[in-house]
Engineer: 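Take a look at this one; I'll ask things after.
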Amino acid sequence: KIFLAILLLSFAAGVSAQTSANRTAKTKVADGLALLPAQQPAEYNRIMGDFLSTGRQGVDMLTEMFSDVNNVPVNYALSGWAAYVTKSGTEADRRAFAEGILAALDKAASREVKAFYMHLLEIAGGDESVPALAKYIGNQELADHALVALVEIGSPAAKKTVTDAMAANTAPKAKLAKAVGDIGATGVETSLIGWLAGADTETTKNIYYALGQTGTAASLPTLRKAAASAGYADEPTQAVRSYVALLRNLAAGQSAVVTKEAMNLNKKALAKKQCGAALSGFDVYASLQGRSAMPLVTKATGNASRVYR
């Protein structure tokens, strides 16, 4: 019995040694792949911690196995690592992961694999990823993925890359305008307004969106006219939504101008029986006027429209 107990203890010690920090990076990666997907959070965190400890070497091992997005274990491991490193890792951990993915992105032959790597950079990328992503903005098949990743990075360098791409017109205007609005890039208002001439519906919508998100008072005439041309209805270009978004964004710094614009929107939308737009205008007005808006509230209770009341 004593001999058996000693044998069991020796076996347990061996198992413990296998899960210790003394294992090689290759063993940790292989063990992690075998255990994913983990059934319990504690196990998942342990596996990801093991991956993290392998650093760039572990990332390279996984990407070397990944020539097809249907490689589910490696797909799962890399996706998990990207998420884990942004929540539980240090900046050095995140950068090591991102640099490994950037190296793999450069080598990848498959469009699908490149898109997957860009998705990982969307999650875990930083400024080190910006130059590589910039190269794909002009790629018809991968521009969307590159722009989305840059938007998520959202740094001054990423914003400059988007505005530079807009100046160079290296991707479809619809995609660039959407990225400008999403990332909050500024200084391109005049160019965006110029792009409206001859723009299709999708491009027009995205330009309006970008002006609503990043524009100044200089964009008010453009969006005011667009909302009026749309009859203040919710239509494919979403002009009213963008107009209201711009009013909200300008409200803090230009309250007098925005108050006048909001009341004008309310009045004209009511005349067109477009209650949604009218209510949006009133909401902007009330947010600026506070209790001073009560007379208009009282007046609204007598409106013929049940929706507006």
Side-chain angles (χ1 to χ4, degrees), residues 115 118 122 130-251 253-254 257-258 261-262 264-265 268-269 274 277 280-281 284:
M118 288 185 198
E122 176 187 337
V130 171
L133 291 167
K135 296 176 184 177
Y136 291 95
I137 294 177
N139 184 305
Q140 186 174 355
E141 295 183 321
L142 293 166
D144 282 336
H145 301 283
L147 287 168
V148 168
L150 287 165
V151 166
E152 286 303 313
I153 291 169
S155 67
K159 288 182 181 181
K160 184 178 185 304
T161 296
V162 171
T163 56
D164 286 351
M166 184 177 166
N169 202 18
T170 54
K173 290 181 171 67
K175 294 178 180 180
L176 289 170
K178 177 68 164 55
V180 166
D182 285 343
I183 204 170
T186 56
V188 292
E189 190 172 25
T190 301
S191 296
L192 285 168
I193 292 171
W195 279 5
L196 285 168
D200 61 22
T201 300
E202 181 69 12
T203 303
T204 298
K205 180 184 79 170
N206 289 347
I207 292 171
Y208 288 164
Y209 167 73
L211 293 174
Q213 295 301 312
T214 69
T216 67
S219 292
L220 284 171
T222 296
L223 291 181
R224 182 194 315 122
K225 181 180 178 180
S229 296
Y232 303 100
D234 191 11
E235 41 69 60
T237 70
Q238 299 181 0
V240 173
R241 294 188 192 185
S242 296
Y243 181 36
V244 172
L246 180 60
L247 293 179
R248 294 189 194 282
N249 288 335
L250 296 177
Q254 302 189 54
V257 171
V258 172
E261 293 278 343
N264 181 64
L265 172 60
K268 292 192 172 182
Q274 293 296 332
S280 293
V284 173

Engineer: In the structure I gave you, are the side-chain heavy atoms of Tyr232 and Lys268 within less than 4.5 Å of one another anywhere?
Structural biologist: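 SC-SC contact between Tyr232 and Lys268 confirmed.
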Engineer: Counting N and O atoms only, with roles assigned by atom type, does the side chain of Glu122 sit under 3.5 Å from a partner on the main chain of Val148, one being a donor and the other an acceptor?
Structural biologist: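 Checked: no pair found.
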Engineer: Closest approach of Ile193 and Ser219, non-hydrogen atoms and distance?
Structural biologist: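 Nearest pair, atom of Ile193 first, then Ser219: CD1-OG, 4.2 Å.
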Engineer: Has the side chain of Asn249 got a donor or acceptor atom that lies under 3.5 Å from a matching backbone atom of Gly212?
Structural biologist: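 Checked: pair present.
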Engineer: Quick one: closest heavy-atom pair of Ala157 and Val130, and the distance?
Structural biologist: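 Looking at all heavy atoms of both residues, the shortest contact is O-CG1, 3.9 Å.
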Engineer: What I'd like to find out is whether the side chain of Leu192 reaches to under 4.5 Å of the side chain of Met166, using heavy atoms alone.
Structural biologist: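 They are in contact (side-chain heavy atoms under 4.5 Å apart), so the answer is yes.
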Engineer: Looking only at heavy atoms, what is the nearest atom pair of Val180 and Ala210, with distance?
Structural biologist: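 Distance-wise, the nearest heavy atoms are CG1-CB, 4.1 Å.
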Engineer: What distance do Leu246 atom CG and Arg248 atom CZ have between them, rounded to the nearest 0.5 Å?
Structural biologist: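 Separation between the atoms: 11.5 Å.
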Engineer: Using 0.5 Å steps for rounding, measure from the OG1 atom of Thr170 to the CG atom of Asn139.
Structural biologist: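 So the gap between those two atoms works out to 11.0 Å.
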Engineer: Do the side chains of Trp195 and Asn169 get nearer than 4.5 Å, heavy atoms only?
Structural biologist: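 Yes - at least one pair of side-chain heavy atoms lies under 4.5 Å apart.
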Engineer: Which heavy-atom pair separates Leu250 from Gly215 by the least distance, and what is that distance?
Structural biologist: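 Closest heavy-atom pair between Leu250 and Gly215: CD2-O, 4.0 Å.
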Engineer: Is the shortest side-chain heavy-atom distance between Val188 and Val162 below 4.5 Å?
Structural biologist: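 Not in contact.
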Engineer: Please check: side-chain N/O of Glu189 versus main-chain N/O of Thr216, any donor-acceptor pairing under 3.5 Å?
Structural biologist: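 Checked: pair present.
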Engineer: For the CG atom of Leu265 and the CG atom of Leu247, what is their distance to the nearest 0.5 Å?
Structural biologist: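 These two atoms lie 7.0 Å from each other.
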Engineer: Glu261 and Arg224: which non-hydrogen atoms are nearest, and at how many Å?
Structural biologist: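 Minimum heavy-atom contact is OE2-NH2, 2.6 Å.
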Engineer: Can you measure from CD1 (Ile207) to OG (Ser191) and round to the nearest 0.5 angstrom?
Structural biologist: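 Spacing of CD1 (Ile207) from OG (Ser191) equals 10.5 Å.
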Engineer: Are the side chain of Glu235 and the backbone N or O of Ala239 linked by a donor-acceptor pair below 3.5 Å?
Structural biologist: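 Yes: the side chain of Glu235 pairs with the backbone of Ala239.
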Engineer: I'd like to check Leu147 versus Ile137 (side-chain heavy atoms, cut-off strictly below 4.5 Å). Are they in contact?
Structural biologist: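 Sidechains of Ile137 and Leu147: in contact.
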Engineer: Find the distance between OG1 (Thr203) and CG (Leu176) and round it off to the nearest 0.5 Å.
Structural biologist: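 Thr203 atom OG1 to Leu176 atom CG measures 10.0 Å (nearest 0.5 Å).
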Engineer: Which heavy atom of Ala262 sits nearest to which heavy atom of Gly281, and what is that distance?
Structural biologist: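 Result for this residue pair: CB-O, 3.4 Å.
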Engineer: Could you work out, with salt bridge (charged side-chain N to carboxylate O under 4.0 Å, His left out) as the rule, every residue matching Lys135, not counting sequence neighbours?
Structural biologist: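 Partners of Lys135 under the salt bridge (charged side-chain N to carboxylate O under 4.0 Å, His left out) test: none.
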Engineer: Nearest 0.5 angstrom please: Lys159 NZ to Thr214 OG1, how far?
Structural biologist: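 Reported to 0.5 Å precision, the distance equals 10.0 Å.
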Engineer: Indicate yes or no for a side-chain donor-acceptor contact from Asn206 to the backbone of Ala174 under 3.5 Å, with no hydrogens or angles considered.
Structural biologist: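 Yes; at least one donor-acceptor contact below 3.5 Å.
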Engineer: Got Leu133 and Thr161 here, is their nearest side-chain heavy-atom distance under 4.5 Å?
Structural biologist: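 No, too far: nothing below the 4.5 Å cut-off.
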